[in-house]
Amino acid sequence: MALGLCMSLVAGHGWAFGLDDVAAKAEKLAAQGYAAPQSNLPPVFRNMAFADYQQLRFRGEEARWHDAPTPFKLQFYHQGMHFDVPVKINEITAKGVEEIRYEPQMFDFGKVQIEPAALENLGFAGFKVLYPLNKADKSDELMTLLGASYFRVVGKGQVYGLSARGLAIDTALPSGEEFPRFREFWVERPQADRRNLVIYALLDSPRATGAYRMVVTPGKDSTVDVQARVYLREPVEKLGIAALTSMYLFGANQPSGLLNYRPQLHDSEGLAIHTGSGEWIWRPLNNPRRLAVSSYSVENPRGFGLLQRTRDFGRYEDLDDRYDLRPSGWVEPRGDWGKGRVELIEIPTPDETNDNIVAFWVPEQRPEPGAPLDFEYRLHFTMDEPGLHDPALAWVDQTRLSTGDVKQSNLIRQPDGSTALIVDFVGPNLAELPADAPVSTRVSIGENAELVENNLRHNPVTEGWRLTLRLKVRDPRRPVELRAALVEGEKTLSETWSYQIPNHE
């Protein structure tokens, strides 16, 4: 995955700071033994409750570039709770690099009583980027970088949902996950006419270091162009590249076990993959009873992401958290990534406060310690899911779970011990077909279930087709794998619906 890495000229002057500068630091760091960051937090910050931490507000007039001729502004997060290690943040100007230093007067501490001595030698926990996304005279949060290597981005009219990560190491392995962290940032001061922001980051963890260049471009769909060079100190069993982290509690394919006025509650509802061979795959998410890992072998992926396809407010009914406005995250690789797999990890969660969904790319060829691994991709944060998709192929609009039943002669539906899955396919190509078109299905089912019904009918409401699969699970302690697609003769009409019914015990 070796790709060209460009330098970044600052403000049109000859002095430059680029990815190679950060990579030199990462390479040097990788050659040394790992030094765990030391917390400098006094007890008043370390032991504070979340409600108190929320009172530590950055003063708007202290924002970086507050009076500068640029639409971008930087605000900073105070250390507190588990954000107990300072992150160094630098500004790049035409004159060079200058550290942005913590000053207590930058913050309003609300009703929290803080002794002046407790504020000495503190730093920032992270930072956020502001930009007038929705109104020309009002700055909105565009991006937030807080904790490990996590960051979140929104576009116009969106609210924060899923997170992206710089790197994931050994996620869902028995040995335990390692969480690399961005320990230092460099942010370019943008010129007045610049409509994107350049951020560099130095990543560090017990077994890896890395240099990152992120170009953040706000808009209806905000994007982040990522270039990275990673070095390993020690071998890593699973290296997760372009990781996305999200939350799925319940939805149409897995309704809430408790009575809840919200029909669906999730930041993302499915994993989408565009393979190097051109196939599109859609995998609805689950909240399983046990940890579940699904892998999709792909060579040179064209894209993958965690999507929120359902945009109807009536499917969420949540006025506070607005899950209907949470963006989909789509990874568009640049260059050939070679052989590997897209991995989906689903973790049980009892509530919506836990991010229990992770998806990333795992290269088949694991890098050797000391040798650089270069990769590049664009992240899209969008609510225009059809815009991501090939218009020549239909996609899955929804997957619904139901108790399987058979209509008796007296017209009463009688459950027959089966499980029913209702899958609606939609798309411009289906809308052009007559209702009596010879559309059929290509269905495969794992050995742990018996298929008792495969029914396809035209859906006049969506101008698509509805597939009903009814099956009997043989062993509820084991999952069931299913795949389905619409075809017309030899022609494939839709993406591949890939689904797992998780074990029930």
Side-chain angles (χ1 to χ4, degrees), residues 1-5 164-173 208 210 223-230 232 235-244 268 270-285 292-307 328-346 357-368 371-380 385 388-396 442 444 446 481-485 487 490-500:
M1 288 191 283
L3 300 168
L5 302 171
R165 290 158 70 177
L167 200 66
I169 295 178
D170 288 355
T171 309
L173 292 184
T223 61
V224 182
D225 289 294
V226 180
Q227 291 175 288
R229 180 177 293 174
V230 170
L232 296 186
V236 169
E237 187 171 347
K238 186 195 297 183
L239 196 65
I241 292 170
L244 298 171
S268 306
L271 168 69
I273 304 171
H274 187 196
T275 72
S277 63
E279 182 185 16
W280 289 82
I281 300 171
W282 174 248
R283 164 63 153 79
L285 299 177
V293 179
S294 302
S295 289
Y296 295 85
S297 295
V298 180
E299 184 171 358
N300 293 325
R302 300 186 192 180
F304 67 91
L306 294 173
L307 308 190
S328 294
W330 181 254
V331 177
E332 179 188 355
R334 297 295 174 89
D336 291 339
W337 281 17
K339 293 182 178 180
R341 67 183 188 271
V342 176
E343 189 165 293
L344 171 68
I345 296 165
E346 297 164 307
I357 305 296
V358 188
F360 45 64
W361 167 260
V362 182
E364 182 180 279
Q365 189 68 38
R366 285 184 287 183
E368 295 296 325
L373 173 69
D374 291 76
F375 51 91
E376 184 178 350
Y377 57 93
R378 171 173 286 184
L379 278 168
H380 300 258
E385 288 73 27
L388 295 174
H389 202 80
D390 183 350
L393 286 176
W395 58 88
V396 175
R442 184 170 59 233
S444 64
E481 299 284 351
L482 304 103
R483 288 171 73 91
V487 296
E490 296 298 315
K491 182 182 180 182
T492 300
L493 297 178
S494 73
E495 67 183 4
T496 299
W497 173 79
S498 173
Y499 191 61
Q500 181 185 84

Are any of the side-chain heavy atoms of Val362 and Ile241 separated by less than 4.5 Å?
-> no

Sequence-distant partners of Glu481, side-chain hydrogen bond (donor to acceptor under 3.5 Å, both in side chains), two or more places apart | Gln500

Mind running side-chain contact (heavy atoms from CB on, under 4.5 Å) on Leu232 and Leu373 for me, showing each step along the way?
-> CA-CA 9 Å; Leu232 296 186; Leu373 173 69; over 6 Å; no

Between CD of Glu299 and NZ of Lys339, what distance do you get to the nearest 0.5 Å?
-> 5.5 Å

Could you tell me which residues satisfy side-chain hydrogen bond (donor to acceptor under 3.5 Å, both in side chains) with Arg366, sequence neighbours excluded, listed by chain and number?
-> none

Over all atoms of both residues, closest heavy-atom pair of Ala208 and Leu167 = CB-CD2, 4.2 Å

Flag side-chain contact, heavy atom, 4.5 Å: Asp390 against Trp280 | yes

So, for Pro301 and Gly338, which heavy atoms are closest and what is the spacing to 0.1 Å?
-> CD-O, 4.3 Å

dist Ile281:CD1 -> Arg483:CZ (nearest 0.5 Å) comes out at 5.0 Å

Using the test salt bridge (charged side-chain N to carboxylate O under 4.0 Å, His left out), find all partners of Asp225 that sit at least two apart in sequence or belong to another chain.
-> Arg334, Arg378

Could you state the interatomic distance from CD (Glu237) to CG (Asp170), rounded to the nearest 0.5 Å?
-> 6.0 Å

Hey, mind stepping through Leu493 and Lys491 against side-chain contact (heavy atoms from CB on, under 4.5 Å) and telling me if it holds?
-> CA-CA 6 Å; Leu493 297 178; Lys491 182 182 180 182; 4.2 Å; yes

Shortest non-hydrogen separation from Leu271 to Tyr296 and the atoms involved = CD2-CE1, 4.2 Å

Ser277: what forms a side-chain contact (heavy atoms from CB on, under 4.5 Å) with it, not counting sequence neighbours?
-> Thr275, Glu279

CH2 (Trp395) and CG (Leu307) are apart, to the nearest 0.5 Å, by 12.0 Å

Check the angle between the aromatic planes of Tyr377 and Trp337 and answer parallel, tilted or perpendicular using the 30° and 60° thresholds.
-> perpendicular

Pairing residues for Tyr499 by the side-chain hydrogen bond (donor to acceptor under 3.5 Å, both in side chains) criterion, not counting sequence neighbours = Asn253, Asn286

Looking only at non-hydrogen atoms, find the nearest pair between Thr492 and Val487 and report the distance.
-> CA-CG1, 4.2 Å

Could you pull out the closest heavy-atom pair between Glu385 and Ser328, with the gap in Å?
-> OE2-OG, 2.6 Å

With sequence neighbours excluded, tell me which residues meet side-chain contact (heavy atoms from CB on, under 4.5 Å) with Ala243.
-> Arg165, Ala168, Phe360

Separation between CD1 (Ile357) and CD1 (Ile345), nearest 0.5 Å, reads 9.5 Å

Measuring from Ser268:OG to Leu244:CG, what's the distance to the nearest 0.5 Å?
-> 8.0 Å

Return the set of residues passing salt bridge (charged side-chain N to carboxylate O under 4.0 Å, His left out) with Glu343 (not counting sequence neighbours), or none when no residue passes.
-> Lys238, Arg341

Which atom pair, heavy atoms only, marks the closest approach of Trp282 to Val396?
-> CD1-CB, 3.5 Å

Do the non-hydrogen side-chain atoms of Leu239 and Pro367 ever get within less than 4.5 Å of each other?
-> yes

Got a sec, which residues hit side-chain hydrogen bond (donor to acceptor under 3.5 Å, both in side chains) with Ser494, two or more places apart in sequence or on another chain?
-> none

Taking salt bridge (charged side-chain N to carboxylate O under 4.0 Å, His left out) as the test, write out the residues that go with Arg302, two or more places apart.
-> none

Sub-4.5 Å side-chain heavy-atom contact between Trp497 and Pro284 = yes

